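I have placed the structure first, in the form of structure tokens, so that the comments after it can refer back to it.
Nothing here was measured: the structure is a model prediction, and the numbers come from that model. Index from 1, following the sequence.
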Amino acid sequence: MAFFDEYDEEDDFDGVKESARGAISHVTNAIMKELSDCRFLVVLNNWRGRYIDLWDVGVPVIRQLSKRVLWSSRGRFWTHATEEHGEENVEKLAGLRDVAIFADLLYYNSYEAVVDSIRHTLYAEAEEVAKYTGVPGPDMSPKIVMECILYMALIGNNVRNISWEHHASNYWVCDGIIKDEINGGRSKWEIADALCRNVNLDLCVWCAETIREVLIAEQQSCINRWVSFIYENSKEVQVPSQATSFFWTAAGQSINHSGTRTLEAIMSEHLERSSNLRVIHLSHCSFSFSSPPFLSCSDLRFLLLDHCKDKDDAQKYHGEEKECHLHSQCHSQDGGACFQNLWVLDLSYTDWYCLLSKDMLDLMANLRELNVKGVSNRSMSHLHHCSGAGSNSRRLLKLRVVAEPNNEDENNGVDGGKNQEVSPVVASFPDLSSWHILKTIVLDGCGDLEQVGCNALPLSLESFSLISNVPSKVKKISFQGHTKLKILVLRGLFDILVELDMSGTTIKTLDLSEVQAKSLRRLFLLGCEKLNAIRWQWKEEDEMMWLEALCIDTTTQAASTWNREDNKSYKQEEATRREDASETMHGNGRAVTSGSNYYYVSLSDPRLFRSLVHHRHDKGLHVEISSTGGRRGSSSQGISNGACSSSGGKKQVRAANLHKSAASNLYADAIVSIFNSKMSQAGGADRDEASVSMSILHCPPAPRYPPDLGHCYISIQDETQTKQETRGTTLPSFVHKDAKTLHLHDSLSITSLPGPAPAAESLVWNKLQWCRLERCPNIEGAVFTAPSSIRADGYDTYFSSLQTLWASQLLMARYIWDLSTPYLGAFSFARLKLLHIDSCPRLAHVLPLYTSIKFGCRYLETLEIVCCGELREIFASSSDMEPHHQEPRSFPRLKRIYLYDLPMLQHICGGHSRMYAPKLKTVKIRGCWSLKRLPAVRRALRGSTPPLPTVECEKDWWDSLQWDGEEAGHHPSHYKPTHSAYYKKALLRTSVLR
């Protein structure tokens, strides 16, 4: 089962609904392989009544090869020898190649045989249903199941408008059919819910009649307990004294012009004598609200009033005065005994809203479910009167309010006149925060609500549904801090919804697939530890969701991880403090303000990124990505984290390990010495130039942008992720499409940027201007994912805005970016100014600089590569021509080249490409013994002669360089070399073993 649980978990993160989950391909293949050479018979009980193609699950059904299926369709109290479920339909469901089995009653010779057959079938299915509920006997048995089914069959004989889906379990419990578990484990409500999930509640007319006919003996003990009448069939009703359930409705010609029928006096008398009544369902009738016929039913547990009216609706009482009068009348007679033990109250289009007053709800102290369906938001306005700190609904577990939109006919009487009362408009949700055990709230059609706030909801809330089939006025929905909330159902038109806050809830899947929310701009999911997926409403595959604020944190249950005053997470503040202020993305002195746009994503499992693939930010983003654990120790900080600190008035550099330890780097002492020398000699304006030119000391800060630029911080809790689990992590689209600055550091989960992407995804990164990547040991191959598809002409432009590229300690990376095709846009990498790479031991080349990229690196000023043992070329080239057959690659602004400890570097530009750098000022090279050429620096023919660029290098290496000659502008006299007195460590001339 762990195998299937693993696939279920993957489907959870993919946002696949349970009803849409298909077969597992290799399991299907294994079944197919096992059964292909066998003769078999499959017995399939398909009680849902939908055709299932067994080939899809690996069962090769071939009648001619004795591979057959016995198909039993529409079980759970369905039979099939009828017009509704005829043989034709069954064979259609089963398929012509299969064999369908069903109860064909036409083959029996006697009525008794038919009855016995159906009885046997019903009890067999009842036994199966009882077993599938998971409730052991005697609390659940075939007898209890049959009694519940018989209840529906008998009541449904006369009353057709019963919502069994909503109330079947309530009827069974309130009537006393289902009771609490003997050992005190499950409650009667839990047992009834389990039965509802396993029995077919949609009994057709023929099936109900058949059940009544074959269960004659069972009816004898129930027929006087469960009473149902239609007024046109019986004008005077005799209600037995032992009756426990009473259903009455007007029908046909008996309904008057007002849509109701008056309960006769004799019915009231019988109801008064029937003190055992526990369930009353009245539909389309009139009676006195001040003295209801069931007032003395002290054992009443369930009361449903559908389209009922007050018979004594006198004109002298109106509005609140009328309700106060009705309320006082109810209290004066028997103290309202019929309401004191109610468990379920359902008011549907019944203007008896004084039952929703605070005093009446206090009287109904045992009420656990309240359903209100009415015109407009009148029910909501009455709930306002009984809300607040003084409300006393101690046992209410479920509240369901269904309202209808206002329209012109609503305020008009049937006779065309105006009603004296107008439904009030309720813009705020009633304060139910003190309803301490309320678990379920369903709001359907409450379109005038403008806000659903967390302060008005009880902390016990587990399920909330908000449905609106007309344009809703809701602008903000918040469930922040409701830690027990597991289910949220949003469906309908929420065109002006701006903010949704689910912070601190335990929801697993946020389903917005049936929500039209074009104005949604802010989504908060902080402290949602159980969150696996977000389902969105995508009409097209390339459709994007534009959000201004997106905050997700699944690493903790607490919603307090976000500082609402500064719009910044505490984790982000901690990560920012760990970085030097001048090095981090937020180190430019500009904090995230309350008016800024911001994305914050902190995940315990990176698979949640699958739900954010199609998200965009329209104003650009500062993006920072790291793990929740931060750095993993000072031993891995690398030279890129060295910072200048003042001690005794002198600048000192902290020498750090580039590979494993400082002692393993033969040139570490020389590098530190050069840095110290440069910084000690620099002064005034030259010091600023030194801090820029010696950029190996620190990464330049991110550029300053307008205040409305968004900020994004992504944190992945990868300490518990295995390498296999972290494969395939794909960052959201806003990272590669909207990021202007990107800082990725200390992450085990990221294997490439943005990760494996869909074939149609455009990975051009043309907004990115500043990029810093460091300490991500699991990045393999290319750091930036190459697009899987390119334009038809092959000339896409990539990284056209990138100015700073800083990569450090990417231990497994082979390329920073690479693309197999040599045909790239002419302006790819055109604005790159600083290229810094250090401690990437497996790097083969950095970037492609093909002939088609005519303007690539035209703005490059500083090139520094440090400690990359396998680097063979910095810029890969597509040209294989000899040097004298091609024009040199021009770097018109290149001023500084720093190359250290690159023993296998053969070319700066790959192949035989030559370089031309007329503004080159400084070259520092150590440990690059395979490099044989420097760029040409052709001297000016007119005017002043620019100073010669200085070269600091080993003398032996300088003497081994190759030159093209004075005419080519490539000659040693064009440089000013200097050599250190201790440029390399002395080596043994003989074997140590001798």
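For the 3.5 Å distance criterion, the side chains of S801 and N766 fail to qualify, holding no donor opposite an acceptor. Side-chain N/O atoms of S626 and Y713 include a donor and acceptor closer than 3.5 Å.
Here the side chains of M915 and I908 are in contact, with some heavy-atom distance below 4.5 Å. The side-chain heavy atoms of L731 and V623, taken from C-beta on, include no pair separated by under 4.5 Å. A 4.5 Å side-chain heavy-atom check between I750 and I716 finds at least one atom pair inside the cut-off. Proximity of E780 to T751: side-chain heavy atoms (C-beta onward) are nowhere separated by under 4.5 Å. By the 4.5 Å heavy-atom criterion applied to side chains, C771 and T804 are not counted as neighbours. Side chains of V951 and I925 form no contact here, defined as non-hydrogen atoms less than 4.5 Å apart. The closest side-chain heavy-atom distance from W770 to H743 is below 4.5 Å. Within the 4.5 Å cutoff, no side-chain heavy atoms of I865 are placed close to those of D838.
Using a 4.0 Å cut-off between a side-chain N of Lys or Arg and a carboxylate O of Asp or Glu, E870 and R814 qualify as a salt bridge.
Two rings, from W958 and W963, have their centers less than 6.0 Å apart. Aromatic pair Y798/W765: centroids not less than 6.0 angstrom apart.
In this structure a side-chain-to-backbone donor-acceptor pair under 3.5 Å is present from S627 to D746. The main-chain N or O of W957 is found under 3.5 Å from a side-chain atom of S960 such that the two form a donor-acceptor pair. The main-chain N or O of L847 is never found under 3.5 Å from a side-chain atom of H845 such that the two would form a donor-acceptor pair. Between the side chain of R889 and the backbone N or O of Y850 there is at least one donor-acceptor pair closer than 3.5 Å. In this structure, E954 contributes its side chain and G927 its backbone to a donor-acceptor pair below 3.5 Å.
One finds the CG atom of L961 at 7.5 Å from the NZ atom of K932 (value rounded to the nearest 0.5 Å). We find the CG-CG distance between L948 and L920 to be 11.0 Å, quoted to the nearest 0.5 Å. Atoms NE2 and CH2, from H836 and W806 in turn, are 4.0 Å apart once rounded to the nearest 0.5 Å. Between K833 atom NZ and T862 atom OG1 the span is 10.5 Å, to the nearest 0.5 Å. Distance check, rounded to the nearest 0.5 Å: CG of D901 to SG of C928 gives 7.5 Å. Once rounded to the nearest 0.5 Å, the distance linking NE2 of H979 with SG of C953 reads 5.0 Å.
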Check the pair V783, Y815 against side chain to side chain contact (heavy atoms under 4.5 Å, CB included), reporting the backbone distance first and the verdict last. CA-CA 6 Å; V783 175; Y815 322 99; over 6 Å; no
Go through F875 and L860 one step at a time and tell me if the side chain to side chain contact (heavy atoms under 4.5 Å, CB included) criterion holds. CA-CA 13 Å; F875 301 110; L860 186 64; 4.1 Å; yes
Begin from the C-alpha positions of K924 and E952 and carry the test salt bridge (Lys or Arg N to Asp or Glu O under 4.0 Å) through to its verdict. CA-CA 5 Å; K924 298 180 184 296; E952 297 182 14; 2.8 Å; yes
Pair L849, I874 - check side chain to side chain contact (heavy atoms under 4.5 Å, CB included), show working. CA-CA 9 Å; L849 207 56; I874 297 175; over 6 Å; no
Could you go step by step and tell me if R872 and H907 meet the side chain to side chain contact (heavy atoms under 4.5 Å, CB included) rule? CA-CA 7 Å; R872 296 180 179 272; H907 310 281; over 6 Å; no
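When all heavy atoms are compared, the tightest approach of A782 to I779 is O-CG2, 4.4 Å. Nearest heavy-atom pair across G825 and T797 is CA-OG1, 3.6 Å. Closest heavy-atom contact between S839 and C868: N-SG, 4.3 Å. For C867 against L902, the heavy-atom pair with the smallest separation is N-CD2, 3.8 Å. The minimum heavy-atom distance linking L934 with H970 is given by the pair O-NE2, 2.5 Å. Of all the heavy atoms in T785 and G755, the pair that sits closest is OG1-O, 3.2 Å.
Under the 30°/60° scheme for interplanar angles, the aromatic rings of F799 and F784 are found to stand perpendicular.
Checked against side chain to side chain contact (heavy atoms under 4.5 Å, CB included), D738 has the following partners two or more places apart in sequence or in another chain: R616, H617, L621, F734, K767.
Applying the 6.0 Å contact sphere to CZ of R858 captures more than 12 heavy atoms from other residues, nucleotides or ligands.
Across E774, R772, E624, a single residue satisfies side chain to side chain donor-acceptor pair (under 3.5 Å) together with H745, and that is E624.
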